[in-house]
Amino acid sequence: YGMDELKNPALFEAVVGPTFQYKKYISYLYALHGSKLLTSYASLDTRYTLLIPDNIQMAGSGYELKTNTTGTSLQMNSENGWVDVSSTTMQNMANMHTINGIGGLKTTGKQAYPVQTTFSYLFVKDGQITSNALFNKLLEPDYVATGGNPFVPFKEITYAGGDWSNGKAYSYENPEIFMPESSDGLAYALAICNDNRYPYNSFVQLLKKAGMVNGTTIPILIGSRFIAFIPTNEAITAAIANNEIPGIKNGTMNADGTVTVADENYDVKNLKEYLQSHFLRSTENTIATYPYLGSGFKTGTYTTVSAKKLGYIDNGNSLNITIEGGSGQSKVISKYDYFPFAFKDGCLHLIEKIF
């Protein structure tokens, strides 16, 4: 018997092909296998864009292949030594590295791509890439990124110089792998803030003055996914000086971001209603994605926690906000390229002036 044609297995030509072809990706191959998602990547019904971390990146995040009497498995370094990685963790790993339905990563401009992990994103800027979890660290005053930003180069891995059968594959140069946001969430981060180096600290101090923070929680945000449009510290400082914050008259902005105001010049009800207008919740609105330039969060009118209507405008070059009864538009600041600070419970955009 003989054969005049030898066909590769479908997985060898699919976007996961590099994990079979190159030994430096074998740790991630084990992760894909353990995730129970590997065979799904052979489908020709879906176009994938796949990031593939190498063994060094996996090890940098504490994941390595270990061999014992029962065989070889992907393990992680824990308090109890090396233990097998759970299938859930490997699924999260695979989903964070997978984008569906695009033609590949662009090497110019700025793009945000939802991945298979809910409300998680990969951000691309001028030929470099990062995850939303790393991007969120820009909010942290002590964060020092390599090269001054969390974006790292990426490079296409081709199949004989072209695409794989169902999409494109890429490597990336971050020393650790991209994983979903693992913090306690945005509401928690806001509630515990007492450091005026955070760009949203003054807003948080107003929340506390209005009685809207309870320990490490913000009660109005419990049980809902939310979007927060928050004025910067500088915007609130200017607004306090000009008596533009409802509920506060002739207040004094202190060095720590708190506000001092005489009792006769303080109206907690008006302040609370004003602050509530900065939040959109899934309780009142459909939130299928977080807002960014070109996202599925469309230009339109949305209901805030205070019941006032918030206007959201995506004009293709910037994001702008209006509020019912307000004095005009406030722009999302351009410093962060209009990418959202995306957490598992909500997202944050900083705006340049108060509503």
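What's counted below: heavy atoms across the whole structure, side chains too, no hydrogens, waters or symmetry copies.
Annotation: cation-pi pair K209/Y266 present, NZ/CZ under 6.0 Å from the ring centroid and within 45° of its normal.
Ion pairing between a basic and an acidic side chain is recognised when a charged N comes within 4.0 Å of a carboxylate O; K24 and D54 show no such pairing. Salt bridge present: D142 and R197 bring a charged side-chain N and a carboxylate O closer than 4.0 Å. The pair K110-D126 does not meet the salt-bridge criterion, since no charged nitrogen lies less than 4.0 angstrom from a carboxylate oxygen.
Heavy atoms from other residues, nucleotides or ligands lying under 6.0 Å from NZ of K168 number more than 12. Heavy-atom contacts from other residues, nucleotides or ligands closer than 6.0 Å to CD1 of I56 number 12 or fewer. Taking a 6.0 Å sphere around NZ of K66, one finds it holds more than 12 heavy atoms contributed by other residues, nucleotides or ligands.
By the rule that hydrophobic residues join a cluster once side-chain heavy atoms approach within less than 4.5 Å of another member, L139 and L134 end up as members of separate clusters. Y63 and Y22 fall within the same hydrophobic cluster, defined by Ile, Leu, Val, Met, Phe, Trp and Tyr side-chain heavy atoms under 4.5 Å apart, directly or through other members. Following chains of ILVMFWY side-chain contacts shorter than 4.5 Å, one cannot reach F341 starting from M96, and the two form parts of different hydrophobic clusters. Cluster membership check: L293 does not share its hydrophobic cluster with I99, using side-chain heavy-atom separations under 4.5 Å among Ile, Leu, Val, Met, Phe, Trp and Tyr. Residues I323 and I248 share a single hydrophobic cluster, defined by chaining ILVMFWY side chains whose heavy atoms lie under 4.5 Å apart.
Counting only distance, with no hydrogens or angles, the side chain of N243 and the backbone of N250 share a donor-acceptor pair below 3.5 Å. The backbone N or O of L280 lies less than 3.5 Å from no partner atom in the side chain of T304, so there is not a single donor-acceptor pair. W164 contributes no side-chain N or O that, together with a main-chain N or O of Y48, makes up a donor-acceptor pair within less than 3.5 Å. Listed for the S165 side chain is a donor-acceptor partner under 3.5 Å among the backbone atoms of E13. Proximity of a side-chain donor or acceptor of S35 to a complementary backbone N or O of L37 within less than 3.5 Å is detected. Side-chain atoms of S330 do not come within 3.5 Å of backbone N or O of I354 as any donor-acceptor pair. K344 places a side-chain N or O within donor-acceptor distance of the main-chain N or O of S183, the cut-off being under 3.5 Å.
Taking CD1 of I52 as the reference point, atom OH of Y28 lies at 7.5 Å (rounded to 0.5 Å). Atoms CD and OG1, on Q21 and T19 in that order, are 10.0 Å from each other to the nearest 0.5 Å. Atoms CZ and CG, on F355 and L310 in that order, are 5.0 Å from each other to the nearest 0.5 Å. Expressed to the nearest 0.5 Å, how far CG of D84 lies from CD of Q75 amounts to 5.0 Å. Atom OH of Y302 is separated from atom CD1 of I287 by 9.0 Å, given to the nearest 0.5 angstrom. Interatomic distance, N100 CG to Q116 CD, rounded to the nearest 0.5 Å: 4.5 Å.
Between the side chains of Y121 and T289, at least one donor N or O lies within less than 3.5 Å of an accepting N or O. Judged purely by distance below 3.5 Å, without hydrogens or angles, the side chains of N95 and Q91 never pair a donor atom with an acceptor atom. Between the side chains of K309 and T303, at least one donor N or O lies within less than 3.5 Å of an accepting N or O. Residues Y172 and H97 bring a donor and an acceptor atom of their side chains to less than 3.5 Å of each other. With hydrogens and angles left out, the side-chain atoms of T89 and S86 include a donor and acceptor closer than 3.5 Å. Under the 3.5 Å distance criterion, with hydrogens and angles disregarded, a donor-acceptor pair is assigned to the side chains of S318 and N315. Side chain to side chain, T260 and N254 meet the donor-acceptor criterion of an N or O pair below 3.5 Å. No hydrogens or angles considered: a donor-acceptor pair under 3.5 Å links the side chains of T98 and Y41. If you check the side chains of E181 and N136, you find a donor sitting under 3.5 Å from an acceptor. For the residue pair T70/N68, the side-chain donor-acceptor check at 3.5 Å is satisfied. Side-chain contact of N233 with N196: a donor-acceptor pair under 3.5 Å is absent, judged by distance alone. N194 and K208 are linked by a side-chain donor-acceptor pair at a separation below 3.5 angstrom, with hydrogens and angles left out of the test.
Remark: aromatic rings of F154 and Y170 are close, center separation under 6.0 Å. Ring pair F297/Y290: centre-to-centre distance not below 6.0 Å. Checked against the 6.0 Å centroid threshold, H349 and Y336 do not count as a close aromatic pair. For an aromatic pair to be called close, the ring centres must be under 6.0 Å apart, and F123 with F339 satisfies this.
Looking only at side-chain heavy atoms (C-beta outward), P199 and T232 stay at 4.5 Å or farther from each other. Taking the side chain as every heavy atom from C-beta outward, F178 and L51 approach each other to under 4.5 Å. Under the 4.5 Å side-chain criterion, counting only non-hydrogen atoms from C-beta, Q205 is not in contact with I236. At least one side-chain heavy atom of F203 sits under 4.5 Å from a side-chain heavy atom of L275. The shortest side-chain heavy-atom distance between I26 and Y30 falls under the 4.5 Å cut-off. Residues V259 and T252 have side chains not in contact (no heavy-atom distance under 4.5 Å, counting atoms from C-beta outward). Within the 4.5 Å cutoff, the side chain of Y338 has no heavy atoms near those of the N317 side chain. K272 is listed as a side-chain neighbour of Q276, based on a closest heavy-atom distance under 4.5 Å.
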Self-check item: Pair D314-T299, side-chain hydrogen bond (donor to acceptor under 3.5 Å, both in side chains): steps then yes or no
Solution: CA-CA 6 Å; D314 178 354; T299 294; 5.6 Å; no
Exercise. Evaluate side-chain contact (heavy atoms from CB on, under 4.5 Å) for V152 paired with I129, printing each intermediate quantity in order.
Key: CA-CA 5 Å; V152 297; I129 194 167; 4.2 Å; yes
Practice problem: Given salt bridge (charged side-chain N to carboxylate O under 4.0 Å, His left out), test D337 with K125 step by step and report yes or no. | Solution: CA-CA 9 Å; D337 302 300; K125 178 181 178 181; 3.0 Å; yes
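Relative ring orientation between F12 and F20 is described as tilted, the plane-to-plane angle lying within the 30° to 60° band.
The nearest pair of heavy atoms linking S171 to Y25 is CB-OH, 3.7 Å. The two atoms that bring P180 and A133 nearest to each other are C-CB, 4.4 Å, heavy atoms only.
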